[in-house]
Novice: 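Sharing a structure below in C-alpha cells format, with a few things to ask.
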Amino acid sequence: MLMMLIATAVFMAWAIGANDSAKAVGTAVGSGILGFKRAVLLIGVFVFIGGAFLGGSGGSPTP
C-alpha cells in the first residue's frame, strides 16, 4: 500500500511539475550554471517536494 501511495505521489509531482520545469532547466543549462543531469535531478527533487508534500494536502480531503 505504501509503495502505491509513493508511486502516486511521484506521478502527481511529475505531472504537476513537468509543465513549467522546462523553463528552469533551460535557463540553468543554457547559461552554464548547471549541467543537464544535475538540473533535471534538482528539478525532480523540488517538484516532488512542492507538489507531493507541500501542495498535495490541499488537493482533496482525506475520507
Side-chain angles (χ1 to χ4, degrees):
M1 181 70 175
L2 180 62
M3 291 304 291
M4 196 161 116
L5 291 174
I6 291 173
T8 302
V10 168
F11 176 75
M12 288 299 294
W14 172 77
I16 292 168
N19 188 24
D20 290 325
S21 295
K23 295 175 189 173
V25 170
T27 302
V29 173
S31 64
I33 294 172
L34 293 173
F36 180 74
K37 289 182 182 180
R38 184 169 289 180
V40 170
L41 177 68
L42 285 172
I43 287 293
V45 168
F46 286 112
V47 165
F48 181 77
I49 290 171
F53 288 111
L54 300 178
S57 64
S60 62
T62 305

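The structure displayed is predicted, hence computed values, not measured ones.
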Novice: For A39 and V29, which heavy atoms make the closest approach, and how far apart are they?
Specialist: CB-CG2, 3.8 Å
Novice: Between CE of M3 and OG1 of T8, what distance do you get to the nearest 0.5 Å?
Specialist: 11.0 Å
Novice: Working to the nearest 0.5 Å, report the span between CE of M4 and CD1 of I6.
Specialist: 12.0 Å
